[in-house]
Every structure is written in structure tokens, then in C-alpha cells.
Asks: 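Let me give you the structure first, and then I'll get to my questions.
Just so it is clear: chains get the letters A, B, ... in the order the sequence lines come, proteins before strands, and each one is counted from 1.
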Protein chains: 2
Amino acid sequence: MPYSGLRSAPDAAPTRTAEVYRAAAELMVEKGFGGTSISEIAQAVGMTKAGLYHHISSKQDMLLRILNHAMDELELIVTTPVRLIEDPEERLRQLMRLQIQGLVRHGLVFVVLFSEINHLAPEQQQEIRGRIKEHHALIREALRELAESGRLRSLDVNIATMHIMNAMTGVARWKAQDFASDEEHLIHETVAYTMAALLKPEA
Amino acid sequence: MPYSGLRSAPDAAPTRTAEVYRAAAELMVEKGFGGTSISEIAQAVGMTKAGLYHHISSKQDMLLRILNHAMDELELIVTTPVRLIEDPEERLRQLMRLQIQGLVRHGLVFVVLFSEINHLAPEQQQEIRGRIKEHHALIREALRELAESGRLRSLDVNIATMHIMNAMTGVARWKAQDFASDEEHLIHETVAYTMAALLKPEA
DNA sequence: TGCAATCTACCGAACGATCGGTAATTTAGC
DNA sequence: GCTAAATTACCGATCGTTCGGTAGATTGCA
């Protein structure tokens, strides 16, 4: 799971820099941005605080890179493959499946850390928020198509979009702490729950 | 909105101590526990850091009191009145309405801060988590009754409970940041969305 | 092939700032 | 004159960051 420009070849051993970012992301997911110190990150990769600064330029820049990397992965794993699905209902179902899987398996970097956006400079905040809105647009578009074909319940598309996103990040959060459950069951139930909220009851 | 044992009479001017806790809660909601410094809180109420310590015993204890106070209010505003409603469907609807209103209006102390539980000592964490579980039980019980009377879709009650809680805290979070919308509309849509996810379609 | 020059990856030490918290002291109100 | 409330003046620890320096590998040139 390589970070920043230093994307090592897929099968090669991870760069030291990549290891640093990986460890940082893990710690920040667990304890938040403010709650994670540079010393901790350094210790996690067996290095001095000073040594770390050979790989990073600042703590804030680190967060920006981690967030952008998370969005890259989101696009790679979820957005891109899902765009190919024509039927909006199936597209939505797959989006949720893939995104929850991504959240649960590849660490929760995806979303949990997005609550820490405010630690970035304003312009950097805009950059990330823009990418998130693109992702929201994907969901909104599926809902719009469903509405066009008459399959959607009468509802506010904006609010529904937020509920869908919220449900997915929620699932990832429980999974991370105490709430243990079979992953496949959890995903299936969540998709069913959400689709029931969205679609007209079958005739 | 009085805090700790120093609950001033409902119509009286708020105690200085209450003001301190109020400001602290507000700041912590905005910037997190770790992101809020004692000096900031002191400044917010026009006091020195040292002066603050006349009113509080420690930062951690402050968090515990804020969390417990939030649960007190939750019980006062939501739990207690809702328990009186016999029909489980209406009980659930009212629970959601009241809780979202409480979240949005009385500050988001209720839930936003519960992600900061880990800053407490383990035994204090248990104390708060216990109170939250009691609240979950209220929702679970409504779902159980709905299932008994055959009104509930076939679903996992535990997972559904989490989704309901998650939706409510989610709504409060959006409301707090950029996502602006008419409060009544937001509540109505959320309740409708959730009930559609839960109940069998009407015959 | 040999050797100097350069680069990578790290270290120990220290910077100013801020953290949560304390002791002694002054001020304000009954 | 007593108590409560707030002050000034600190403490040790830690924060993110920068410094000068160095062992070891890599490169350029004769």
C-alpha cells in the first residue's frame, strides 16, 4: 500500500517512505490526527523523530497525502469499476458492497480520517472536499436514474445520499470497535436495509 | 444548561461553573477533546487557566461530567417521554424526532463527543458505555415488539439498531457543518427513510 | 580498478511553544 | 473577617520542527 509519489512496483518490497505513511495512517485512524504524535509514528517504524523528517515535510502535509491516497484507492476499488454497471440499482448495490469491503479491509483510512479534514489548510480542505463531492455525485446520479425509471420511493435525493454515505462509514466504525459480526452478513444486511429505504416495495 | 452537581434552579442565572462546562462542551464538540486546550476553555469564559481549576478538578473529569450530563439530558428529553408511548412504531418515530431535535438544538454534545470516550479511564468508559447500551435497548425493544406484531421486515435487529443510531448522529453531524436544510424537512425525511427500511410495505 | 564526490537514510540534541496542572497570593461579596 | 473566585507565577513534560553531523551505499571520472 504505497503512499505519495513513491509508488513502488506492485510486487516489490514497500519503500521505507511508504511504510512511514502506512503506519501514520494506521495510528491516526486509531487515535485521530491531533492524538497522534510524530514521535509515536517514528517509534512505530523504528526510527527517531528526526529521522522521520527525511521522509515527510510536515505533519499537516502528511495528512493531506494520506487523504489523497485514500481517495485514489477509493476511486480504484469502488468508483471506477462501479461506473461500468448500467443498471442503477445494481450499480448502487455494488457500490455499497465494494465500499464497505474497502473500508473494513483496507483500513478505515477512507472515511474515518475525513473528520480530520479541518486540520488542513483551507485550500487543501477544498481539494479533498471536492473529491468527496465527486463521489457523492456518483450516488446521486444512481438515485436520479432510479427515480426516472420510477423505481424510487418519493424522497429527497440529497438527504438520501447523505444517509447512504453515513450508513457505510457507520458500518466501518462499528466493525473497528466492539461490534463484531460476520462481514458478509453485515454487508448483506446493510445493503438490504438501505435498498428497502430507497426503493418502492415490489409489486 | 447546568452541569455537574451544581444544577442551578431552572430559571436562575447560570452558575459560573455551569458556564465553564457549557463552554468546554461547545469547544470540544467543535474541535474534539484532544484538540481543545484548557487555556482555550478558560479564555472562552474570560478567565485564566489557573482560575478554571477552581471549578474543575481535571480535564478528564470534565469530559466524564460532560458525557454524563449529556446522557442525563438524553434521558430527560427523549428516553423518559418516549417510554410512555405504547405503539412501538409511534414510539420509534417519536424517539427519532426528539433525539434529532435534541442533537441539533441543544448542541451536539449528545453524540458527537461520544467518539472521545477513549480519553477516559477504562472504568469511566464502562460507565458511559453502559448508559449508551441502555439507550440502544430502548430501540431494540421497539423493534422486537414490531417484529412480534408482524410489522417488521425480516432483518437483523442488532444491525438495524446500529443503523438507526448511526442515522441520527449522522444527521446531527451534517447539520453542524456545511449541509444546510430546513430542520423539519430533514427530520421528516430521515424518519420516513428509516421507517421504510424497517417496516413491511403497507398492504 | 581506484578514489573522490555525492546522495540516502538516519541520529542526538536542541529549539520555541504549548500542554495539563499546582502553589501562593490577591480581590470581591456577604 | 471569612469564604469564594480569580490572579500571577510557575512546574515538568511533550509538542512539531530544525539543526549539524555521520555511516553506508551509489555514482562519476581517471
Asks: For B/His136, which residues count as a side chain to side chain contact (heavy atoms under 4.5 Å, CB included) partner, sequence neighbours excluded?
Replies: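 Here the qualifying residues are B/Ile132, B/Thr161, B/Met162, B/Met165.
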Asks: With a cut-off of less than 4.0 Å, is there a side-chain N or O of A/Arg16 near OP1 or OP2 of C/dC10?
Replies: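 Yes, A/Arg16 has a side-chain N/O under 4.0 Å of OP1/OP2 on C/dC10.
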Asks: May I ask you to list the residues of residues 53-60 of chain A, by number, that have any heavy atom positioned under 4.0 Å from an atom of DNA chain C?
Replies: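 Under 4.0 Å from DNA chain C: A/His54, A/His55.
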Asks: Taking salt bridge (charged side-chain N to carboxylate O under 4.0 Å, His left out) as the cut-off, I'd like each qualifying pair that reaches into residues 43-53 of chain A, sequence neighbours left out, listed once.
Replies: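 Those involving residues 43-53 of chain A do not exist here.
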Asks: First and last nucleotide of DNA chain D touching chain B, 5' to 3', heavy-atom cut-off 4.0 Å?
Replies: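 With heavy atoms of chain B under 4.0 Å away, the range is D/dA4 to D/dA9.
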Asks: Tell me which residues in residues 42-52 of chain B put a heavy atom below 4.0 Å from DNA chain D, sorted by number, or none.
Replies: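 B/Met47, B/Thr48, B/Ala50, B/Gly51 - these, ordered by number, are the residues of the stretch whose heavy atoms sit under 4.0 Å from the strand.
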Asks: Can you name the side chain to side chain contact (heavy atoms under 4.5 Å, CB included) partners of A/Ser58, sequence neighbours left out?
Replies: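 Partners of A/Ser58 under the side chain to side chain contact (heavy atoms under 4.5 Å, CB included) test: A/Gln60, A/Asp61.
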Asks: Pairs under 3.5 angstrom only: tabulate donor-acceptor contacts from the side chains of residues 23-35 of chain B to other protein residues two or more places apart or in another chain.
Replies:
unit_1: B/Lys31; atom_1: NZ; unit_2: B/Glu40; atom_2: OE2; d: 2.3

Asks: Across nucleotides 24-30 of chain C, 5' to 3', mark each nucleotide with B, S or - according to how protein heavy atoms within less than 4.0 Å reach it.
Replies: -------
Asks: Less than 4.0 Å between a side-chain N and a carboxylate O, is that true for B/Arg93 and B/Glu89?
Replies: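 Yes, B/Glu89 and B/Arg93 are salt-bridged.
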Asks: Please determine if B/Arg16 and B/Glu19 form a salt bridge, counting it only when a charged side-chain N lies under 4.0 Å from a carboxylate O.
Replies: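 The answer is yes: the pair qualifies as a salt bridge.
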Asks: Using the ring pair (Phe, Tyr, Trp, His ring centres under 6.0 Å) rule, collect all pairs that involve residues 34-62 of chain A, keeping only residues at least two apart or in two chains.
Replies: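 Passing the test, one end in residues 34-62 of chain A: no pairs.
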Asks: In chain order, what residues pass the side chain to side chain contact (heavy atoms under 4.5 Å, CB included) check against B/Asn118, with sequence neighbours excluded?
Replies: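 Partners of B/Asn118 under the side chain to side chain contact (heavy atoms under 4.5 Å, CB included) test: B/Gln125.
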Asks: Report the residues that fulfil side-chain hydrogen bond (donor to acceptor under 3.5 Å, both in side chains) with B/Ser149, sequence neighbours left out, ordered by chain and then residue number.
Replies: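 Scan of B/Ser149 (side-chain hydrogen bond (donor to acceptor under 3.5 Å, both in side chains), adjacent residues dropped) gives B/Arg151.
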Asks: So, A/Gln99 and A/His135: side-chain donor and acceptor under 3.5 Å apart, yes or no?
Replies: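 There is such a pair between these side chains.
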Asks: Side-chain N or O of B/Ser37 versus OP1/OP2 of C/dC19: is the shortest distance under 4.0 Å?
Replies: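 Yes, within the criterion.
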Asks: When you measure from the side chain of A/Asn68 to the backbone N and O of A/Ile128, does any donor-acceptor pair fall under 3.5 Å?
Replies: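 Not confirmed, A/Asn68 side chain does not pair with A/Ile128 backbone.
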Asks: Under a 3.5 Å cutoff, is there a donor and acceptor pairing between the side chains of A/His163 and B/Glu189?
Replies: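 The answer is no; no qualifying pair exists.
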Asks: Once side chain to side chain contact (heavy atoms under 4.5 Å, CB included) is applied, do any residues pair with B/Ala192, and if so which ones, sequence neighbours excluded?
Replies: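 Partners of B/Ala192 under the side chain to side chain contact (heavy atoms under 4.5 Å, CB included) test: A/Arg153.
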